[in-house]
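When a residue number appears, it is its place in the shown sequence, counting from 1. Predicted model only: the values in this text are computed from it and were never measured.
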Amino acid sequence: MAYADSRGLPLSTRSEQAAQRYREGVDLLLSFWPGAQEILQQAIDADPDFALAHAALARLQAIRAEPAEAKAHIATAAKMAERNSTAREQSHIATLSLAVHGQSKKALECTLAHVQTWPRDVIISSLPLGAFGLFAFSGMADHDQARVDLCEAMAPHFDADDWWFLTYRGWAHVENGNVGYGRNLTEHGFELRKANATGAHALAHALFEHGAGGDAEALLDDWLPSYDRSGTLHGHLAWHRALSALERGDPEAALAVYGRHVKPAVSLGLPINIVTDSVSLLWRLRAYGYDVPPDLWSEAKHYAERCFPNAGHSFIDTHMGLLAAATGDTSSAGARIDALTRLVEQGTLAAGPVVPAICRAALAFIDGDYAKCVELLQPVRHEVVRIGGSHAQREVIEDTLLIALLRSGKAGEARALLDHRLHRRPSPRDSRWQVELAA
């Protein structure tokens with residue numbers, strides 16, 4: 001009997017149980033829901049030669065920052081595929097192997113070629129999408145548009161009620177500025193599958209960009225307790241909750257959420273999320289003029305330096321620059337800036353000169369040299385998108401520029417930036433700053 005995955009693509013397994021567990025495991029993987037590893041392992045136990053089950057487990061382990069395990073499983077998948085697999089499965093495994101081994105540029109090229117033939121192969125189709133996808137970390141300045149273009153090219157191949165595709169198509173439109181349309185798509189996808197952390201995440205972004213902070217807080221307050229703390233996105237979704245509280249001017253609530261769910265000592269999320277969420281929230285608090293307990297900075301610094309001692313990942317490096325500046329560690333800041341500058345000169349830092357520029361601007365900001373901060377950030381303002389992540393995550397850099405403009409007496413430029421932001425989305429924080437500027 002022939003078996004297929006949840007999107008109708010044939011599977012090279014003779015085990016009904018293996019096929020069923022694979023379908024379940026892939027959906028858990030795509031929704032970032034706990035239990036995916038156990039279910040995929042059951043698929044492998046039912047059919048040890050099932051190449052795609054090994055590949056799916058490799059993808060999960062790569063997401064979870066377990067590189068050694070991911071490389072071992074993708075190697076097993078490639079070996080099994082030599083015995084019994086289709087052309088689609090061989091391309092799937094070869095493309096995923098590139099991603100697992102950190103060959104991101106080649107992985108993106110192969111992914112785009114693969115989805116032209118097999119757009120419904122969702123594990124591969126998911127690789128370029130999302131805030132940490134291959135597009136986001138490519139260094140492209142137009143990766144938001146690239147995601148939309150890819151999703152629209154794939155749209156005719158997906159059912160109207162495919163929760164996974166609705167989620168990512170909606171999020172792509174939200175990030176690219178078509179917020180109302182994107183919000184409708186993400187809401188539909190989330191309604192179809194509530195046990196879906198990527199759906200809750202996409203909807204939280206849509207609400208943030210729509211200026212619906214109260215709705216975002218209500219969503220997360222209602223839904224987050226149903227998501228186990230071991231879930232990959234639990235801490236990051238709590239960060240969204242803290243961000244909404246901070247935007248409406250409640251630093252105590254933001255710090256309370258941070259202490260319960262986000263800081264390194266309590267979060268079970270990915271290191272990249274723990275570091276960037278911690279640093280960006282604490283930086284915002286300090287930049288907005290609120291007190292941040294020194295021990296929170298110390299904890300974040302200890303964790304971040306252990307996880308990411310070396311330069312080379314633009315999104316992380318940006319936050320490490322903020323962290324070093326905020327903690328007064330000019331030695332570490334200088335060393336990272338020097339390393340980033342060398343990578344730029346060698347042409348190996350995807351995001352390019354914007355990364356060391358942000359790190360230098362952070363030092364100037366903390367030193368109170370707001371004019372210097374503006375001088376460094378203003379020319380690269382439109383290049384910040386190259387570091388990857390989402391708009392909500394990158395906004396911390398624009399916030400820094402705006403506050404530096406305000407504090408250096410550049411009222412006209414600050415007003416123009418505020419007007420631009422408020423035209424894009426309502427924001428109680430920006431409205432308060434606008435009133436202060438008028439006064």
> Between A160 and L166, which heavy-atom pair has the shortest distance, and what is it?
Replying inline: O-CD1, 3.5 Å

>> If I compare all heavy atoms of M140 with all of A146, which pair ends up nearest, and what's the gap?
In response: CE-CB, 3.8 Å

> How are the rings of F315 and F137 set relative to one another: parallel (under 30°), tilted (30 to 60°) or perpendicular (over 60°)?
Replying inline: tilted

>> Has E191 got a side-chain atom pairing as donor or acceptor with H188's backbone, closer than 3.5 angstrom?
In response: no

>> To the nearest 0.5 Å, what is the distance between OG1 on T186 and OH on Y181?
In response: 11.5 Å

>> Show every ring pair (Phe, Tyr, Trp, His ring centres under 6.0 Å) that has at least one partner inside residues 81-106, sequence neighbours left out.
In response: none

> Between atom CD1 of I93 and atom NE2 of H73, what is the distance when rounded to the nearest 0.5 Å?
Replying inline: 13.0 Å

> Do side-chain atoms of S91 reach the backbone of A87 as a donor and acceptor pair under 3.5 angstrom?
Replying inline: no

>> Run L237 and H234 through side-chain contact (heavy atoms from CB on, under 4.5 Å) and show every step you take.
In response: CA-CA 5 Å; L237 284 163; H234 189 281; over 6 Å; no

> For the side chain of S226 and the backbone of W223, is there at least one donor-acceptor N/O pair under 3.5 Å apart?
Replying inline: yes

> Should the pair D27-R7 be classified as a salt bridge under the 4.0 Å nitrogen-to-oxygen rule?
Replying inline: yes

>> Would the distance check show the side chain of D277 and the main-chain N or O of W239 forming a donor-acceptor pair, the cut-off being under 3.5 Å?
In response: no

>> Minimum heavy-atom separation for A62 and V100, please, with both atom names.
In response: CB-CG2, 4.3 Å

> Is R394 paired with E398 through a side-chain N to carboxylate O contact shorter than 4.0 Å?
Replying inline: no

> How long is the span from the CZ atom in R415 to the CG atom in L405, to the nearest 0.5 Å?
Replying inline: 11.5 Å

> With side chains defined as the heavy atoms from C-beta onward, is the minimum distance between L29 and I63 less than 4.5 Å?
Replying inline: yes

> Looking only at heavy atoms, which two atoms of M320 and A304 are closest? And how far apart?
Replying inline: SD-CB, 3.6 Å

> Would F365 and W283 count as a ring-ring contact (aromatic ring centres under 6.0 Å, His included) if you check the C-alpha gap in whole Å, the side-chain angles of each, and the deciding distance to 0.1 Å?
Replying inline: CA-CA 11 Å; F365 186 90; W283 180 274; 5.7 Å; yes

>> Just so I know, are the side chains of Y168 and S125 near enough to count as touching, which here means a heavy-atom distance under 4.5 Å?
In response: no

> Does Y227 reach the main-chain N or O of T232 with its side chain, forming a donor-acceptor pair under 3.5 Å?
Replying inline: yes

> In terms of side-chain heavy atoms, does S12 have a donor or acceptor partner in E89 at a distance below 3.5 Å?
Replying inline: yes

>> Between I74 and L96, does the side-chain contact (heavy atoms from CB on, under 4.5 Å) criterion hold? Intermediate values first, please.
In response: CA-CA 8 Å; I74 201 64; L96 194 54; 4.0 Å; yes

>> Is the shortest side-chain heavy-atom distance between E209 and H391 below 4.5 Å?
In response: yes

>> I'd like to know if R241 and E247 make a salt bridge, using a cut-off of under 4.0 Å between side-chain N and carboxylate O.
In response: no

> With sequence neighbours left out, what residues match Q20 under side-chain hydrogen bond (donor to acceptor under 3.5 Å, both in side chains)?
Replying inline: E24

>> Check for me whether K194 meets the cation-pi criterion with F190, that is, NZ or CZ under 6.0 Å from the six-membered ring centre and within 45 degrees of the ring axis.
In response: yes

>> Side chains of H319 and Q393: any donor to acceptor distance under 3.5 Å?
In response: no

>> Please determine whether side-chain contact (heavy atoms from CB on, under 4.5 Å) holds for the pair T341 and I337, giving the CA-CA distance in whole Å, both sets of side-chain angles, and the decisive distance to 0.1 Å.
In response: CA-CA 6 Å; T341 302; I337 289 169; 4.0 Å; yes

>> For W164 together with F158, are the ring centres under 6.0 Å from each other?
In response: yes

>> side-chain contact (heavy atoms from CB on, under 4.5 Å) for F50 and M80? Distances and angles first, verdict last.
In response: CA-CA 7 Å; F50 188 6; M80 299 303 174; over 6 Å; no

> Just how far is it from atom CD1 of I358 to atom OG1 of T318, taken to the nearest 0.5 Å?
Replying inline: 4.5 Å

> What's the spacing between H240 NE2 and S390 OG if we round to 0.5 Å?
Replying inline: 6.0 Å

Indicate every side-chain donor-acceptor pair of residues 34-45 with a distance under 3.5 Å to a residue at least two apart or in another chain.
residue: Q37; atom: OE1; partner: R64; partner atom: NH1; Å: 2.9
residue: Q37; atom: OE1; partner: R64; partner atom: NH2; Å: 3.0
residue: Q41; atom: NE2; partner: D45; partner atom: OD1; Å: 3.0
residue: Q42; atom: OE1; partner: R21; partner atom: NE; Å: 2.7

> Nearest heavy-atom pair of S15 and D47: which atoms, and what distance?
Replying inline: CB-CB, 4.1 Å

> Taking the side chain as C-beta and beyond, is there a heavy-atom pair between F208 and R425 under 4.5 Å?
Replying inline: yes

> Within a radius of less than 6.0 Å around NE2 of H157, do more than 12 heavy atoms belonging to other residues, nucleotides or ligands occur?
Replying inline: yes

> For Y288, what residues pass the side-chain hydrogen bond (donor to acceptor under 3.5 Å, both in side chains) criterion, not counting sequence neighbours?
Replying inline: D399, R429

>> Could you measure the distance from the CG atom of D317 to the SG atom of C359? Nearest 0.5 Å is fine.
In response: 6.5 Å

> With a 4.5 Å heavy-atom cut-off, do R381 and V384 have their side chains touching?
Replying inline: no

> Taking only residues two or more places apart in sequence or in another chain, which ones pass side-chain hydrogen bond (donor to acceptor under 3.5 Å, both in side chains) with Q61?
Replying inline: none

> Taking C-beta and beyond as the side chain, do L52 and R88 meet within less than 4.5 Å on heavy atoms?
Replying inline: yes

> For the residue pair H236 and H205, does the interplanar ring angle fall in the parallel (under 30°), tilted (30 to 60°) or perpendicular (over 60°) class?
Replying inline: tilted

> Within the distance-only criterion (no hydrogens, no angle test), does the side chain of S278 pair as donor or acceptor with the backbone N or O of I274 below 3.5 angstrom?
Replying inline: yes

>> For T198, is there any backbone N or O sitting under 3.5 Å from a side-chain donor or acceptor partner on N196?
In response: yes

> Which is it for D5 and R23 under the salt bridge (Lys or Arg N to Asp or Glu O under 4.0 Å) test, yes or no, and what are the steps along the way?
Replying inline: CA-CA 6 Å; D5 68 10; R23 289 190 292 268; over 6 Å; no

>> Looking at E187 and L203, would you say the former's side chain and the latter's main chain have a donor-acceptor pair under 3.5 Å?
In response: no

> Between R147 and D142, does at least one N-O distance fall below 4.0 Å, as a salt bridge requires?
Replying inline: no

>> By the ring pair (Phe, Tyr, Trp, His ring centres under 6.0 Å) test, which pairs, at least two apart or in different chains, include something from residues 105-130?
In response: H114-W118

> Is the backbone of A326 close enough, under 3.5 Å, to the side chain of R286 for a donor and an acceptor to pair up by distance?
Replying inline: yes

> For the residue pair H210 and V179, what are the closest heavy atoms and their distance?
Replying inline: CD2-CG1, 3.6 Å

>> In the structure I gave you, are the side-chain heavy atoms of T76 and K71 within less than 4.5 Å of one another anywhere?
In response: no

>> Does either side chain, that of Q378 or that of E413, offer a donor lying less than 3.5 Å from an acceptor on the other one?
In response: yes

> Would you call E395 and R424 a salt bridge, using N to O less than 4.0 angstrom?
Replying inline: yes

> With a 4.5 Å limit on heavy-atom distance, are the side chains of L112 and F135 in contact?
Replying inline: yes

